[in-house]
Protein chains: 2
Amino acid sequence: MNADSSSSHPPIEQELLECPVNYTLKLIGGRWKTIILWQLHQGPKRFGDFKRAINGISERILAKQLKELEADDLINKVLYAEVPPRSEYSLTPLGQSLEPVLKSIFQWGIRYGPYFVDKPVSSATSSGGDRPAANREVNTTKEKKRV
Amino acid sequence: MNADSSSSHPPIEQELLECPVNYTLKLIGGRWKTIILWQLHQGPKRFGDFKRAINGISERILAKQLKELEADDLINKVLYAEVPPRSEYSLTPLGQSLEPVLKSIFQWGIRYGPYFVDKPVSSATSSGGDRPAANREVNTTKEKKRV
DNA sequence: CAGCATCCTTTAGGATACTG
DNA sequence: CAGTATCCTAAAGGATGCTG
């Protein structure tokens with residue numbers, strides 16, 4: 001079966017439903033979804049806006065993620081039947097309600113990820129708060145504790 | 001409505017802003033990772049504990065996700081060289097620091113997901129109010145707005 | 001018990017040509 | 001302009017047998 005052309009994605013499994021965390025993650029976990037939501041938080045956007053603003057996204061994926069977000073009631077879409085056509089995407093109230101969540105995730109990333117944001121002065125060693133800089137592609141050689 | 005899409009906003013900032021979110025999501029985005037982290041939040045656990053506690057996870061995936069979490073410094077692992085062997089997983093400080101994030105995600109899921117937590121009385125439970133109950137499996141007959 | 005190794009299925013994501 | 005259709009790659013996830 002090909003679910004690709006379906007307007008929404010497959011049903012959420014029971015296990016996922018039992019975990020609110022996974023439920024939320026399912027909605028915003030797409031590769032570009034948080035970016036889309038973030039952009040929409042600054043105001044309505046058109047399809048082409050995303051295409052231009054999000055570097056590296058393909059049209060198919062953009063359309064797909066927008067569709068999923070819409071199916072999940074996180075964003076609204078209005079298609080003006082003009083010629084040439086014009087679309088307008090905006091956040092639903094539900095989508096807006098995600099803001100604190102995204103912010104929380106964002107803050108953690110800033111704080112513990114490889115971003116030097118709170119490093120205003122002190123050109124010396126930044127090691128005070130050196131982070132592991134999670135690197136999964138290159139697995140940091142890490143000795144295993146054995147007892 | 002609005003004429004131009006370039007709107008009020010420099011693109012640079014957006015790019016910077018989205019990254020930390022995806023970074024965080026990368027670390028906790030695994031199918032079972034948040035469950036693992038959640039369980040560890042209640043105390044150290046062994047490999048078999050997870051196997052038993054998490055319904056439906058395969059050993060390979062469990063081992064894999066544990067390994068990734070460990071590589072990302074979110075959890076610690078101690079392998080006691082006894083016979084039979086015994087393992088003990090626990091949260092690192094970094095892993096513990098995720099608690100507010102997970103909580104935030106969790107709360108949103110509870111509040112807006114398909115969980116019927118009808119708060120009976122309580123006048124004001126934090127902020128906001130209503131909940132649309134997102135439904136993904138049955139694509140609610142949702143007509144497209146056309147203008 | 002802990003957890004690799006091997007094999008396989010499913011899903012996400014992508015490039016590109018084309019249409020109303 | 002706003003998408004679909006078609007085809008493809010990569011990565012995530014899974015079942016199961018085996019070993020120290």
Side-chain angles (χ1 to χ4, degrees), chain A residues 1-13 15-16 22 25-36 44-70 75-89 136-137 139 144-147, chain B residues 3-5 22 25-36 44-71 75 77-89 136 144-147:
Chain A
M1 285 259 211
N2 189 357
D4 210 56
S5 43
S6 157
S7 52
S8 178
H9 27 210
I12 301 183
E13 300 159 45
E15 304 142 7
L16 247 59
N22 278 347
L25 253 27
K26 199 78 183 168
L27 301 198
I28 64 173
R31 173 81 174 72
W32 308 97
K33 285 189 183 173
T34 56
I35 302 179
I36 292 171
K45 295 234 183 279
R46 298 167 57 170
F47 190 86
D49 291 335
F50 290 120
K51 229 167 55 174
R52 254 170 283 115
I54 306 178
N55 209 331
I57 193 171
S58 75
E59 292 188 7
R60 194 186 79 92
I61 297 305
L62 174 56
K64 208 177 156 199
Q65 308 238 325
L66 284 171
K67 215 166 231 183
E68 289 179 3
L69 288 168
E70 190 195 0
I75 68 175
N76 276 321
K77 164 178 152 189
V78 183
L79 214 223
Y80 296 90
E82 311 167 346
V83 59
R86 182 162 57 96
S87 66
E88 189 176 274
Y89 292 90
R136 224 179 296 92
E137 293 128 56
N139 204 348
K144 305 206 174 231
K145 282 174 226 144
R146 282 190 163 260
V147 187
Chain B
D4 193 2
S5 42
N22 278 347
L25 253 26
K26 199 82 182 163
L27 300 199
I28 64 174
R31 175 80 172 73
W32 309 97
K33 285 189 183 173
T34 56
I35 301 180
I36 293 172
K45 294 234 184 282
R46 299 168 55 171
F47 190 86
D49 290 336
F50 290 119
K51 228 166 57 174
R52 254 170 283 114
I54 306 178
N55 209 332
I57 193 172
S58 75
E59 293 188 6
R60 195 186 80 92
I61 296 304
L62 175 56
K64 208 176 156 201
Q65 309 239 323
L66 285 170
K67 214 165 230 181
E68 290 180 3
L69 287 169
E70 190 195 359
I75 68 175
K77 164 178 153 188
V78 182
L79 214 225
Y80 296 90
E82 310 168 345
V83 139
R86 182 162 57 95
S87 67
E88 189 177 274
Y89 293 90
R136 195 99 107 321
K144 304 201 174 237
K145 282 172 230 143
R146 281 188 163 261
V147 187

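Order of the sequence lines sets the chain letters (A, B, ...), proteins ahead of strands, with each chain counted from 1.
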For Pro84(A) and Gly29(A), find the nucleotide of DNA chain C closest to each by heavy atoms; which residue's nucleotide sits nearer the 5' end?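 Going by which nucleotide is closer to the 5' end, it is Gly29(A).
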Quick check on DNA chain C: between Pro85(A) and Ser58(A), whose nearest nucleotide comes earlier from the 5' end?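 The residue whose closest nucleotide sits nearer the 5' end is Ser58(A).
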Taking all heavy atoms of [X] and all of [Y], pick out the closest pair and write down the distance.
X: Lys33(A); Y: Lys26(A); answer: NZ-O, 4.2 Å
X: Leu69(A); Y: Leu27(A); answer: CD2-O, 4.0 Å
X: Phe47(B); Y: Ser87(B); answer: N-OG, 3.1 Å

May I have the distance from [X] (atom [atom1]) to [N] (atom [atom2]), rounded to whole angstrom?
X: Ile57(A); N: dA12(C); atom1: CD1; atom2: C1'; answer: 12 Å
X: Leu66(B); N: dC1(C); atom1: CG; atom2: P; answer: 17 Å
X: Leu79(B); N: dA2(C); atom1: CG; atom2: C1'; answer: 7 Å
X: Lys45(A); N: dA2(D); atom1: NZ; atom2: C1'; answer: 17 Å
X: Arg52(A); N: dG3(D); atom1: CZ; atom2: P; answer: 13 Å
X: Glu82(A); N: dA2(D); atom1: CD; atom2: P; answer: 10 Å
X: Glu59(B); N: dA5(C); atom1: CD; atom2: P; answer: 14 Å
X: Leu25(B); N: dA12(C); atom1: CG; atom2: C1'; answer: 14 Å

Does [X] put a side-chain nitrogen or oxygen below 4.0 Å from OP1 or OP2 of [N]?
X: Tyr89(A); N: dG3(D); result: yes
X: Lys67(A); N: dT4(D); result: yes
X: Trp32(A); N: dG14(C); result: yes
X: Lys77(A); N: dA2(D); result: no
X: Gln65(B); N: dG13(D); result: yes

What's the closest nucleotide to the [X] side chain, out of [options]?
X: Ile61(A); options: dG14(D), dA2(D), dG13(C); result: dG13(C)
X: Arg46(A); options: dG13(C), dG14(D), dC1(D); result: dC1(D)
X: Phe47(B); options: dG3(C), dA2(D), dG14(D); result: dG3(C)
X: Lys26(B); options: dA2(C), dA12(D), dA2(D); result: dA12(D)

Heavy-atom side-chain contact between Arg31(B) and Asn22(A) under 4.5 Å: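 Sidechains of Asn22(A) and Arg31(B): in contact.
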For Glu88(B), which contact category applies under a 4.0 Å heavy-atom criterion: base, sugar-phosphate, or nothing? nothing
Select base, sugar-phosphate, or nothing to describe what Phe50(B) touches, counting heavy atoms under 4.0 Å on all strands. nothing
Check if the side chain of Arg60(B) and the base of dG3(C) share a donor-acceptor pair of N or O atoms closer than 3.5 Å. no
Does Glu88(B) come within less than 4.0 Å of Lys45(B), counting only side-chain N to carboxylate O?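 Salt bridge: no.
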Point-to-point distance, once rounded to the nearest 0.5 Å, from CZ of Phe50(A) to CD1 of Ile36(A): 6.0 Å
